[in-house]
Amino acid sequence: MRQIPFFFLLAAIFLAGCSARTSAKPAAAGADSSNAAAHTDSASASSDSSDELIEFNGITKMKSELSEDTIKWLEWYNTLSEDNQNALSFVPSEFIRPGTVYTLETENETTPAYTAALTEAELLETQELAYYYFSEASTGFEGVEEIYPAKDDNPLYQNTGIEAEYDPGNIIIYMVLTGKDKAAGNPMRSISIARRSKSDSWKVINTGF
């Protein structure tokens, strides 16, 4: 049998030891990566925990899901007394309960075009009535700073027993920022103006936040 020189035997042992130490390094690196991932997860969890739950109208939402306008409205709402809160009929769209708002459930369904159903003359007439209401008919509002028609999908149009009783062409809702509310940092008010038929006169049927 051919003998292996002692020198080559030592070299083989030395190389085997180096190989073992080299293969162990990725495991250590892997452990560090695992720790880094754990820290990242902890930071993420900490960030998530800063988002708060908000409950309104029997519905709970994360604050991050709400629009800035809704958050501002809720902050204002929470400053009111319980009696004043109960007197409000407005509900932010994010907190409308299923089945109480007009939704597009099929391709054939469309939101009624409340604004387009009125002529320019009718829009001007109803807008002047809204101005009159906040400027003269009701005192203390300090005039009107801004006014525009509410969007056709505004949930107030589906307000059972009030706005929902009127068909497009006989109702319009305006969003109004009064001088008083602007100074106080309050959100815009709504004013609903309607008539039973084309032959009737326009009347204010509802106002609120």
Side-chain angles (χ1 to χ4, degrees), residues 54-63 65-78 80 82-134 137-138 141 144 146-178 181 186-209:
I54 296 179
E55 183 177 358
F56 185 79
N57 197 33
I59 296 176
T60 301
K61 295 268 190 176
M62 299 298 292
K63 187 174 182 179
E65 298 180 71
L66 307 178
S67 66
E68 291 184 9
D69 288 342
T70 295
I71 292 173
K72 182 178 179 180
W73 186 89
L74 288 171
E75 290 173 350
W76 169 82
Y77 176 85
N78 289 329
L80 301 178
E82 185 176 352
D83 288 341
N84 287 336
Q85 288 179 350
N86 293 334
L88 296 177
S89 59
F90 176 77
V91 176
S93 59
E94 290 99 326
F95 292 97
I96 294 291
R97 294 180 180 178
T100 60
V101 183
Y102 188 92
T103 57
L104 299 179
E105 297 181 354
T106 70
E107 295 181 356
N108 295 326
E109 290 185 358
T110 57
T111 301
Y114 292 98
T115 303
L118 300 178
T119 65
E120 290 186 12
E122 289 171 329
L123 287 173
L124 180 60
E125 182 181 359
T126 53
Q127 184 169 302
E128 288 178 347
L129 180 55
Y131 265 105
Y132 175 79
Y133 180 87
F134 289 111
S138 299
F141 287 111
V144 174
E146 185 178 356
I147 183 172
Y148 56 80
K151 294 181 179 180
D152 290 339
D153 61 356
N154 189 301
L156 278 177
Y157 277 116
Q158 307 305 318
N159 192 8
T160 303
I162 307 179
E163 287 85 354
E165 303 302 311
Y166 297 86
D167 297 324
N170 289 321
I171 185 172
I172 186 71
I173 299 174
Y174 287 100
M175 303 306 297
V176 181
L177 179 63
T178 68
D181 291 323
N186 295 336
M188 299 186 79
R189 296 173 181 265
S190 66
I191 181 169
S192 303
I193 300 174
R195 61 188 178 187
R196 286 296 176 185
S197 67
K198 294 286 185 180
S199 59
D200 290 337
S201 300
W202 292 104
K203 295 181 181 179
V204 175
I205 62 168
N206 196 15
T207 62
F209 286 106

Considering only distance and modelled atom types, tabulate donor-acceptor pairs under 3.5 Å from the side chains of residues 193-201, sequence neighbours left out.
unit_1 : atom_1 : unit_2 : atom_2 : d
R195   : NE     : N170   : OD1    : 3.1
R195   : NH2    : E122   : OE2    : 2.7
R195   : NH2    : G169   : O      : 3.1
S197   : OG     : S199   : OG     : 3.0
S197   : OG     : D200   : OD2    : 3.4
D200   : OD2    : S197   : N      : 3.3

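For E65, the CD atom counts as densely surrounded, since its 6.0 Å shell holds more than 12 non-hydrogen atoms of other residues, nucleotides or ligands.
Between L74 and L66, some side-chain heavy-atom pair lies under the 4.5 Å cut-off. The shortest side-chain heavy-atom distance between R189 and T207 does not fall under the 4.5 Å cut-off. Under the 4.5 Å side-chain criterion, counting only non-hydrogen atoms from C-beta, L177 is not in contact with V144. N159 places none of its side-chain heavy atoms less than 4.5 Å from the side chain of Y157.
In this structure, NZ on K61 lies 13.0 Å from CD on E55, to the nearest 0.5 angstrom. Rounding to the nearest 0.5 Å places CD1 of I147 at 11.0 Å from OG1 of T178. Interatomic distance, OG of S192 versus CD of E163, reported as 3.5 Å (0.5 Å rounding). Atom CG in L123 sits 5.0 Å away from atom CG in L118 (nearest 0.5 Å). I173 CD1 to N206 CG: the interatomic distance, rounded to the nearest 0.5 Å, is 8.0 Å.
Across every non-hydrogen atom of D152 and T115, the tightest pair is OD1-N, 3.3 Å. Shown here for P168 and P112, the closest heavy-atom pair between the two residues is CG-CB, 3.6 Å. Nearest approach of W202 to I171, heavy atoms of both residues: CZ3-N, 3.9 Å. Nearest heavy atoms, T70 versus S67: OG1-OG, 3.0 Å.
Between F141 and F134, the ring-plane angle classifies as perpendicular under the 30° and 60° cut-offs. Classification of the W73-W76 ring pair by plane angle, with boundaries at 30° and 60°, yields tilted.
Judged purely by atom type and a 3.5 angstrom limit, N154 uses its side chain to pair as donor or acceptor with the backbone of L156. Between the side chain of D181 and the main chain of M188, no donor-acceptor pair closer than 3.5 Å is present.
Side chains of S190 and Y174: a donor-acceptor N/O pair is absent below 3.5 angstrom, by distance only.
Residues satisfying the salt bridge (charged side-chain N to carboxylate O under 4.0 Å, His left out) criterion with K63, sequence neighbours excluded, are E52.
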- Task: Applying side-chain contact (heavy atoms from CB on, under 4.5 Å), run through I162 and I205 and close with a yes or a no.
- Result: CA-CA 7 Å; I162 307 179; I205 62 168; 4.1 Å; yes

